[in-house]
Amino acid sequence: MKTTSIKKIWREGKDLIDSDILISGWVRTSRTSKTFGFIELNDGTFFKNIQIVFDENLNNFNELAKISIGSSLIINGKLVESPGDKQPFEIHATNIEIAGLCEPDFPLQKKRHGNEYLRTIAHLRPRTNLFSAVFRVRSLIAYAIHKFFNESGFVYVHTPIITSSDAEGAGEMFRVSTLDPEKLPRTDKGEVDYSKDFFGKSTNLTVSGQLAVENFCAALRNVYTFGPTFRAEKSYTQTHASEFWMVEPEMAFSDLNDDMDLAEDLMKYIISYLLENAPEEMAFFNQWVDKTLMDRLTNLRDSKFERITYTEAIEHLEKADKKFEFKPEWGKDLQTEHERYLTEEVYSKPIFVTDYPKDIKAFYMRMNDDNKTVAAMDLLVPGVGEIIGGSQREERYDLLLKRIEDMGLEKEEYWWYLDLRRFGTNKHCGFGLGFERTVMYMTGVENIRDVIPFPRTPKNAEF
RNA sequence: GGGAGUUUAGCUCAGUCGGUAGAGCAGUUGACUGUUAAUCAAUUUGUCGGGGGUUCAAGUCCCUCACCUCCCGCCA
C-alpha cells in the first residue's frame, strides 16, 4: 500500500473519508486513557499534524500508551471524520508499527523552547513547529525567486565559489588554500609563495558573484546568480552571518530605475507566492512570531515603494525631532539608526535610497553627472534594515579605470572586468538581495541564525 | 575592531541584607471511555559556567578566563 502524505490528507481530506490509508511520521504529542489514546503525528510534508486514535484492540497497545515524543511510527488505519472540534478528521488505527522509539533524553518537549536553546540542538530543531515552518518557507522563497526570474526571461548563471579577485574590496575573506600552515613556502623576500598553492595564486571564497555575472550579462542579457557567499567579518548582530546566500540579478541596457522596478517586482512576487502556497505557515508566524506580519506583507505587496535620494534622506534626518547618536551629515554613510528611522518611522514601509556620495560606495558604481554621487540604491525595510544593495554599473572605460586607480585597487586584477567596457559596453545594472534577510522579513523571525539550517557565525561552525 | 548584558535542575526562570538552593514544566509511577499544551495524585533531579580572592561563612562581594546574547561598525 502506498503511503499517503499528511499534506494530501489535509488538502483532499473529504475525498479520502472512510478509505484505508498508510501513513508514517514522528510523534509530536500523545494522550492516553485506560483503553484508548491519541497520538498527534507529523510526517514532515505539512505544517499541521494528524490525530491518530488507537485502542486496546491493538496488540501493542501497552507500548503505544507510553510512546515517547519524537518516536517514529508506521500506521495503517481508516480516515474518519473527527468528533473533536480541533480537527476535521482523524485516523482510526488498525495497526501501528513502532519504527524507532525516541530515547528519554530527547531534548524537545511538549512546550515552547527558547530559540537560543534550540540553536544548540540545530540537528533537532527542524522538528519544531517554528523551524519546520521557517525551513519550508525558506525553500518556497528560493523556488519563488527562481520562478520569478525564469518567467521574466533571466538566465541562471552559476558563478564561482572560489575566486582569485577581491571582488569589491567587500571586507574580510576566507582564504582557500592547500598549503600546510605549519610549513609555508617562502619567496626570496620571505613572503608566502602562493605560486606553490593549489591554484598557483592566492584564492578566497567569494564575497559576491556580481563581477562574474556581469560578463554573462554582456552575453545573455538578463541574468542572475543565486548561491552561497562568505564574509569573514566578525559581525555580532542579528542580521549578519559568515555564510549566507545572495541573489544577484544583472540587466543589460538598463538603468537604476529599471533596477528598482525589478527589485520591487521581485519582493512583491515572493510575498504573493508565499501567501498562496504556505498559508498555514504564514498564519502561524502571524500568530506566534509577529502579529503585524500579514498586515505588513499585504501592505507591501499592494503599495508602491518609496524612492528618495540620499541627499533627501539626509535632509529628512537633519530636520528630525529625534536625537541620533551619530549626527547625520552629507558625505557620511547612513547609520543603522538613520536607516531604521527612515523606513520605520518616517515612511513605515520599504524605501529605496538612491544616489549616494561616491566616496562611500564601491568602485564599479556609475558616476552621476554631478560628479559627486553614484547611481546606487539600497532598499531598506522595517525590522531588517538593508535588504538589497544595488547600482547602475560604470560602463565607461576611462571613468571605471580612474575609479579603480583612485581607490588604490590593482587594475591588473580587473583586466577582464575592464574588457567588458571595451568590447561592446552598455548601460547595465543589478543588485544583491540578502536571501536570509528576505526570509527574516517574510517570516518575522528576528535572528538570521534562526533562518539558516546550520548557521555559521564567528566562533560557531558546529554541526 | 568598540561597548553592554547574561551564565542557577533536562527546559523556562526565582533566589531579598552574604548564613549552605527553590518554583513551574519535562521525566518516572499510578488513576481516568473522546483527549487536543488533556486532567488528577505521588515522586526523582544541581560541580549555582571555570579558576582565584575577601570572609567564621559566597549562588550572592572582588579579580580573571570562557561561552552565549545584544548594540555599534562592516554589509546582504
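Sequence lines set the chain letters: A, B, ... in the order given, protein chains first and strands last, and positions in each chain run from 1.
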Toward the 5' end of RNA chain B, by each residue's nearest nucleotide, A/Glu116 or A/Gln51: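 Going by which nucleotide is closer to the 5' end, it is A/Gln51.
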Between [M] and [N], how far apart are the [atom1] atoms? Round to whole Å, please.
| N | M | atom1 | result |
| --- | --- | --- | --- |
| B/G53 | B/C17 | P | 27 Å |
| B/U64 | B/G1 | C1' | 22 Å |
| B/G46 | B/G22 | P | 12 Å |

Whole-Å distance between [N] [atom2] and [X] [atom1]?
| X | N | atom1 | atom2 | value |
| --- | --- | --- | --- | --- |
| A/Glu40 | B/A37 | CD | C1' | 10 Å |
| A/Glu90 | B/G34 | CD | P | 13 Å |
| A/Glu243 | B/C75 | CD | C1' | 16 Å |
| A/Leu41 | B/U35 | CG | C1' | 16 Å |
| A/Phe326 | B/G3 | CZ | P | 13 Å |
| A/His113 | B/C11 | NE2 | P | 9 Å |
| A/Ile388 | B/C75 | CD1 | C1' | 14 Å |
| A/Phe106 | B/U28 | CZ | P | 14 Å |

Strictly below 4.0 Å: does [X] bring a side-chain N or O up to OP1 or OP2 of [N]?
| X | N | answer |
| --- | --- | --- |
| A/Gln109 | B/G10 | no |
| A/Thr120 | B/C68 | no |
| A/Lys86 | B/A37 | yes |
| A/Asn115 | B/U69 | no |
| A/Gln335 | B/G73 | yes |
| A/Arg119 | B/U69 | yes |
| A/Arg449 | B/U69 | yes |

Parallel, tilted or perpendicular: which one describes the rings of A/His113 and A/Tyr117, with boundaries at 30° and 60°?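 Rings of A/His113 and A/Tyr117: tilted, as their planes differ by 30° to 60°.
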Quick one: the side chain of [X] and the base of [N], do they pair up donor-acceptor inside 3.5 Å?
| X | N | answer |
| --- | --- | --- |
| A/Gln238 | B/U69 | no |
| A/His240 | B/C75 | yes |
| A/Lys34 | B/C32 | no |
| A/Glu233 | B/G1 | no |
| A/Glu56 | B/U33 | no |
| A/Ser235 | B/C75 | no |

Classify [X] by what it touches in the nucleic acid, base, sugar-phosphate, or nothing, heavy-atom distance under 4.0 Å.
| X | answer |
| --- | --- |
| A/Thr29 | sugar-phosphate |
| A/Ile448 | base |
| A/Phe244 | base |
| A/Pro104 | nothing |

Would one find more than 12 heavy atoms of other residues, nucleotides or ligands at under 6.0 Å from atom [atom1] of [X]?
| X | atom1 | result |
| --- | --- | --- |
| A/Tyr143 | OH | no |
| A/Lys268 | NZ | yes |
| A/Phe154 | CZ | yes |

Is a side-chain donor or acceptor of A/Ser208 paired with a backbone partner of A/Gln210 at a separation under 3.5 angstrom? yes
Please check this pair: side chain of A/Arg28 against backbone of A/Arg127, looking for a donor-acceptor N/O pair closer than 3.5 Å. yes
With salt bridge (Lys or Arg N to Asp or Glu O under 4.0 Å) as the test, would you mind laying out the steps for A/Glu436 and A/Arg138 before giving the verdict? CA-CA 8 Å; A/Glu436 282 78 11; A/Arg138 182 182 165 110; 3.0 Å; yes
Would you mind telling me which of [options] lies closest to the side-chain atoms of [X]?
| X | options | value |
| --- | --- | --- |
| A/Thr237 | B/G34, B/C71, B/C25 | B/C71 |
| A/Tyr117 | B/U12, B/C74, B/G1 | B/U12 |
| A/Asp333 | B/C74, B/C71, B/C68 | B/C74 |
| A/Glu386 | B/G34, B/C75, B/C67 | B/C75 |

Who does B/A57 pair with, Watson-Crick or G-U, both distances under 3.5 Å?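 Matched B/A57 with nothing under the 3.5 Å cut-off.
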Candidate list A/Trp245, A/Phe149, A/Tyr156, test ring-ring contact (aromatic ring centres under 6.0 Å, His included), partner A/Phe226, passing option: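 Exactly one option meets the ring-ring contact (aromatic ring centres under 6.0 Å, His included) with A/Phe226, and it is A/Trp245.
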